[in-house]
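In what follows, a structure is listed as structure tokens, so that the remarks can point back to it.
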Amino acid sequence: MTPTNPNHHDPAADSPTAGTLAGRREWTAMGVLMLPLLLVSMDISVLYFAIPSIGADLEPSGTQQLWIFDIYGFVLAGLLMTMGALGDRFGRRRLLLAGAAAFGAASLVAAYADSAETLIAARAVLGLGGATLMPSTMALLRTMFTDPGQRAKAIGLWSGVMTGGIALGSVLSGVLVQYFWWGSVFLVNLPAMAMLLVLGPLLLPESRSPEPGRFDLLSVPLSLAAVLPVVYGLKEIPTDGWNVRYVVSVTVGLLFGALFVHRQRTAASPLIPPALLRARGFSPALVLNLISSFAMLGSAFFTTQYLQSVLGRSALEAALWSLLPSVLIGVAAPVSAGLVQRGVDRAYVVSGGFVVAAAGYGLLALAGTGSLWLVLAGAGVLASGIVTVMSQVTDLAMGAAPVERAGTASSLMETGAELGGALGMAMLGAIGTALYRHGVGPEAPEAARQTLGGALAVADGMPGAAGAAVRAAARGAFVDGMRGAAVAGALLLLAAAPLAVRTLRTAERTAPPREPAGPERPAGGTRTGATGHDALAPDKAP
């Protein structure tokens with residue numbers, strides 16, 4: 001038997017016994033974790049209605065305004081993998097509390113920013129804080145909920161809160177800006193972060209990898225150089241088209257991505273251990289999660305514009321209407337978790353989620369220029385199918401990953417979701433834009449041919465009948481583009497359904513035999529995980 005090291009910290013030591021049911025303490029702790037998670041997801045969209053007020057107050061340039069809006073998401077996406085690995089090495093609770101402190105302080109600075117430069121810097125720190133909070137919350141759930149059924153419920157709630165927060169952020173922004181000033185959209189973060197800082201040390205277990213190895217500093221800039229140019233290029237393509245600058249940005253990111261992968265394969269203690277990707281079911285879950293994010297954000301590109309520019313709703317009205325599909329989101333994850341617990345094969349639940357989501361795209365493909373309820377129904381059905389997939393593949397990935405790599409596993413899933421969302425907006429947005437320009441026709445004014453917003457602006461400056469004709473043609477062309485993108489999205493999701501069955505069932509058949517659970521740590525460093533799965537061999541420092 002391996003001798004006991006008195007200085008050794010077992011990440012499961014502060015959590016429930018392996019496989020036992022979590023109690024009131026763990027569920028209360030989860031409630032504390034959900035508040036910052038909700039705010040982090042809300043901050044992605046919380047500036048939708050605040051930007052005009054910020055522009056009037058701080059007078060940013062056009063470039064500065066873009067950075068005020070985008071810097072949060074870019075920093076968040078770029079640092080997820082780094083922060084997940086840091087949590088595994090130095091403690092997930094410690095990183096979570098540090099991130100909460102940074103997020104709260106940056107929120108206070110952003111609320112009272114007196115210049116565009118200050119607000120941009122504060123939004124960047126908010127992105128850094130968000131990058132620590134997201135993987136840490138998931139990793140702590142993995143530590144606290146060792147029973148597979150309870151873990152599935154917890155991860156389902158996590159997925160629902162994450163998805164619903166993005167929709168809620170824009171509504172909250174509209175309400176606060178209407179009755180207060182734009183800085184109030186940041187001040188709402190402070191109570192939740194203060195609660196986390198007070199209750200976190202009391203309720204949350206500390207956990208980290210017992211033998212993390214040396215932290216690979218070179219992998220940090222390589223991961224940033226790989227993720228940021230790809231996300232930037234893909235997010236800008238739907239707006240400005242296939243500009244050579246964005247194509248070059250994506251290409252540069254992919255080249256650095258190849259260097260990052262090479263580094264992970266050759267480093268003695270890599271940021272992302274290759275063995276994690278070989279864990280049972282992890283890689284299929286990563287790919288399926290990326291596809292689901294592709295479909296979710298690809299549809300949002302059209303539905304938000306449809307509500308405002310096609311139906312003519314105000315921004316706040318559009319945001320309030322967009323909350324209706326969220327009702328189905330709250331039902332989807334618990335239902336899917338219940339099906340799996342009742343013995344339905346997870347592969348078929350995930351596949352069914354893709355089929356349901358494809359049906360949602362099918363409803364969008366039937367929409368006309370006045371189909372409010374059809375579009376809302378399509379968005380709701382699509383979202384419920386996607387959340388079903390996301391909750392199940394996230395549970396699969398976190399169950400496959402050993403506890404000591406929970407932060408790294410969570411950060412990989414979230415980075416894949418960021419890339420999938422950006423890719424969905426780029427590809428489906430490009431299809432919709434091409435069909436829109438074809439539908440408007442070459443005889444339309446140049447501004448009208450670029451975007452629906454440009455066409456409506458041109459129509460407002462034209463006399464009655466002529467303006468009405470341009471407005472009607474542009475709205476019809478946009479709906480044609482949305483239909484074409486919806487058909488493409490539906491086909492992708494229908495193709496993903498059998499892919500899910502094949503890959504997930506193959507992963508189950510090729511699962512390695514489980515070792516007997518017990519306190520012993522076999523020689524050579526291999527560790528039996530808390531759920532009984534084979535764990536990854538810890539990386540050794542050179």
Side-chain angles (χ1 to χ4, degrees), residues 32-80 83 95-134 136-137 161-162 164-201 228 232 235 314-316 319-320:
V32 173
L33 286 176
M34 291 302 100
L35 274 177
L37 176 66
L38 179 66
L39 293 172
V40 168
S41 61
M42 285 169 53
D43 260 46
I44 296 172
S45 58
V46 78
L47 290 188
Y48 280 177
F49 299 128
I51 282 291
S53 299
I54 291 172
D57 194 4
L58 302 183
E59 299 181 351
S61 66
T63 301
Q64 287 176 327
Q65 183 166 298
L66 288 174
W67 279 112
I68 288 171
F69 195 85
D70 289 336
I71 190 66
Y72 175 81
F74 290 154
V75 174
L76 177 71
L79 290 177
L80 279 170
M83 293 304 169
L95 186 69
L96 178 78
L97 297 178
F103 201 89
S107 297
L108 189 62
V109 172
Y112 295 101
D114 58 0
S115 68
E117 292 83 0
T118 301
L119 184 55
I120 291 170
R123 288 277 288 169
V125 178
L126 283 169
L128 185 151
T132 67
L133 292 167
M134 290 174 66
S136 296
T137 54
V161 168
M162 189 67 198
I166 298 174
L168 186 59
S170 59
V171 177
L172 181 66
S173 171
V175 172
L176 289 175
V177 170
Q178 182 170 340
Y179 293 104
F180 302 98
W181 95 110
W182 61 263
S184 61
V185 304
F186 297 108
L187 290 183
V188 295
N189 296 332
L190 298 182
M193 295 304 160
M195 181 183 298
L196 179 60
L197 289 172
V198 172
L199 298 180
L228 289 181
Y232 168 73
K235 285 192 173 182
S314 69
L316 183 55
L320 290 171

Quick one: does Leu128's side chain get under 4.5 Å of Leu76's, heavy atoms only? no
When you compare the side chain of Thr118 with that of Arg123, does any pair of heavy atoms fall below 4.5 Å? no
What heavy-atom pair brings Ser136 and Leu95 nearest, and what distance separates the two atoms? OG-CD2, 3.7 Å
Would Leu108 and Leu187 satisfy side-chain contact (heavy atoms from CB on, under 4.5 Å), going step by step from the backbone distance to the final call? CA-CA 6 Å; Leu108 189 62; Leu187 290 183; 4.0 Å; yes
Taking every non-hydrogen atom, the tightest pair across Val75 and Gly127: CG1-C, 3.7 Å
Indicate the atoms forming the closest heavy-atom contact of Asn189 with Ser107, along with that distance. ND2-OG, 2.9 Å
Decide yes or no for Phe186 and Leu126: does some side-chain heavy atom of the first lie under 4.5 Å from some side-chain heavy atom of the second? yes
Could you tell me whether the side chain of Leu197 reaches within less than 4.5 Å of the side chain of Leu97, counting heavy atoms only? yes
Side-chain heavy-atom pair Asp114, Leu119 within 4.5 angstrom cut-off: no
Between Ala102 and Val125, what is the shortest heavy-atom contact and its length? O-CG1, 4.0 Å
Tell me, with the steps shown, if Leu133 and Met193 meet side-chain contact (heavy atoms from CB on, under 4.5 Å). CA-CA 11 Å; Leu133 292 167; Met193 295 304 160; 3.9 Å; yes
Taking every heavy atom of Leu196 against every heavy atom of Pro201, the minimum-distance pair comes out as O-CD, 4.0 Å
